[in-house]
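The structure appears right after this line, and notes come after that.
Every chain is numbered from 1, with letters handed out A, B, ... down the list of sequences.
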There are 2 protein chains.
Amino acid sequence: MTQKHDFDLQDFLPYLLNQAAEECGLEFQKVYKQRYGMLRTEWRVLFHLGRYGDMTAKDICDRARVHKTKVSRAVSALQSRGFLKRVQLEQDRRHERLSLTPAGVSAYSDLQAVAADYDTRLTANFSAEEQRNLRDALRLLARL
Amino acid sequence: MTQKHDFDLQDFLPYLLNQAAEECGLEFQKVYKQRYGMLRTEWRVLFHLGRYGDMTAKDICDRARVHKTKVSRAVSALQSRGFLKRVQLEQDRRHERLSLTPAGVSAYSDLQAVAADYDTRLTANFSAEEQRNLRDALRLLARL
DNA sequence: ACTTGTTAGTTACAAAAACAACTAATATCC
DNA sequence: GGATATTAGTTGTTTTTGTAACTAACAAGT
């Protein structure tokens, strides 16, 4: 019986993407975990608010493509640790505007700098054009 | 106070990689989940054995960079559903050689074809050179 | 032979994620 | 105005993962 072996697992894009994402995520994860005890979704919520300004949990769900239960729990955790505060909107009391506290802003600034650094290091071996092509391709694949 | 906003979250490579991996993994995941009730690690173990031939759990751990507990559970699950069998090696009874059953080979063939198809569709919008560059970059980032 | 160390794999328990069911507020249709 | 549907967000339960401790087999030095 002859096997086909059309392609290698290492050439399968979903697999490759996953391996790369896992490898690249690890180091940064250590930082926000050890320095602030944050989970991945918590860091993402923090980053959204820090980078794009106040918004509701729903906004974050849509922008980051994270399920609302994950965001809900991340928001609770961040609030209980004093990184953000919630204000119910008067015009529609279902929504609540989330905004970072000074501690939140400070954590964001710190982590954002680490992230920027790390990103630079990750792509140090790529030319400017290669970097652009890579990010373009990834954005396309991610439908962002 | 002026914010720096060095970069966008969507330009942060670990984030981008993650979003792309998640998006691209979804569709294929549905297939192996619905068609064979497999988990991600189970599909990977199946693929390793189908594509690269019999090997031990440890070999799979090393090649796929998966923790041994995950592989152990995946192997048990695949075995209990009749997709693979284990044979303890005589020269060293700590090892066991894993090999696919006919049902396992059949599932592999099927899923492998689906994967090949899907990969082709994913990269349909890229030129041959762009595809090569993308995979090269990802392999580099994944340290594969 | 016998302590010490290492390796392959499993098991048990804790953390995190996925999924579904729920509440409360608003919108819509009759 | 009142039943019905939607929407934002939460809570509870089940899967899945991560971590650490464990067993069994072997290796190596003394």
Which whole-number value in Å describes the distance from [X] [atom1] to [N] [atom2]?
X: B:Ile60; N: C:dT7; atom1: CD1; atom2: P; result: 19 Å
X: B:Arg93; N: D:dT23; atom1: CZ; atom2: P; result: 18 Å
X: B:Leu39; N: C:dA16; atom1: CG; atom2: P; result: 20 Å
X: A:Leu89; N: D:dT7; atom1: CG; atom2: C1'; result: 14 Å
X: B:Lys70; N: D:dT19; atom1: NZ; atom2: C1'; result: 13 Å
X: B:Glu22; N: C:dA18; atom1: CD; atom2: C1'; result: 12 Å
X: A:Asp92; N: C:dA25; atom1: CG; atom2: P; result: 10 Å
X: A:His95; N: D:dT10; atom1: NE2; atom2: P; result: 12 Å

At 4.0 Å (heavy atoms only), tell me whether [X] reaches a base, stays on the sugar-phosphate, or touches nothing.
X: A:Lys68; result: base
X: A:Arg86; result: sugar-phosphate
X: A:Thr56; result: sugar-phosphate

Q: Would you work out how much the helix from C:dA1-D:dT30 to C:dC30-D:dG1 bends between its ends, with each end axis defined by five base pairs, to 10 degrees?
A: 10°
Q) Which heavy-atom pair separates A:Glu42 from A:Gly37 by the least distance, and what is that distance? A)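 Heavy-atom minimum between the residues: OE1-O, 4.0 Å.
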Q) Between B:Ala103 and B:Gly82, what is the shortest heavy-atom contact and its length? A) CB-O, 3.7 Å
Q. Any donor-acceptor pair under 3.5 Å linking the side chain of A:Thr41 with the backbone of A:Lys70?
A.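 It does not hold such a pair.
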Q.
Could you check whether any side-chain N or O of A:Asp92 sits under 3.5 Å from a backbone N or O of A:Arg94, counting only pairs where one atom can act as donor and the other as acceptor?
A. yes
I want to verify a distance call: between [options], whose nearest atom is closest to the [X] side chain?
X: B:Ala57; options: C:dG9, C:dT11, C:dA20; answer: C:dG9
X: A:Arg94; options: D:dA8, D:dT19, C:dA20; answer: D:dA8
X: B:Arg73; options: D:dT19, C:dA8, C:dA20; answer: D:dT19

Q: For D:dG9, take OP1 and OP2 only and decide whether either is under 4.0 Å from a side-chain N or O of A:Ser72.
A: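 Answer is no, no contact under 4.0 Å.
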Q) Per the atom types in the model, does the base of D:dG9 pair as donor or acceptor with the side chain of A:Arg97 at under 3.5 Å? A)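 Looking at the base of D:dG9, it does not pair with any donor or acceptor on the side chain of A:Arg97 (distance under 3.5 Å).
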**Q.** Donor on one side chain, acceptor on other, A:Gln112 and A:Arg51, under 3.5 Å
**A.** no
Q.
Within the structure provided, determine whether B:Arg40 and B:Tyr32 are in side-chain contact (heavy-atom separation under 4.5 Å).
A. yes
Q. Where do A:Gln19 and B:Arg65 land on the side chain to side chain donor-acceptor pair (under 3.5 Å) test, with the steps shown first?
A. CA-CA 9 Å; A:Gln19 295 288 96; B:Arg65 291 190 192 158; over 6 Å; no
Q. Which sits closer to the 5' end of DNA chain C, B:Val75 or A:Gln88, going by the nucleotide each is nearest to?
A.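 First, find each residue's nearest nucleotide; the 5'-ward one identifies B:Val75.
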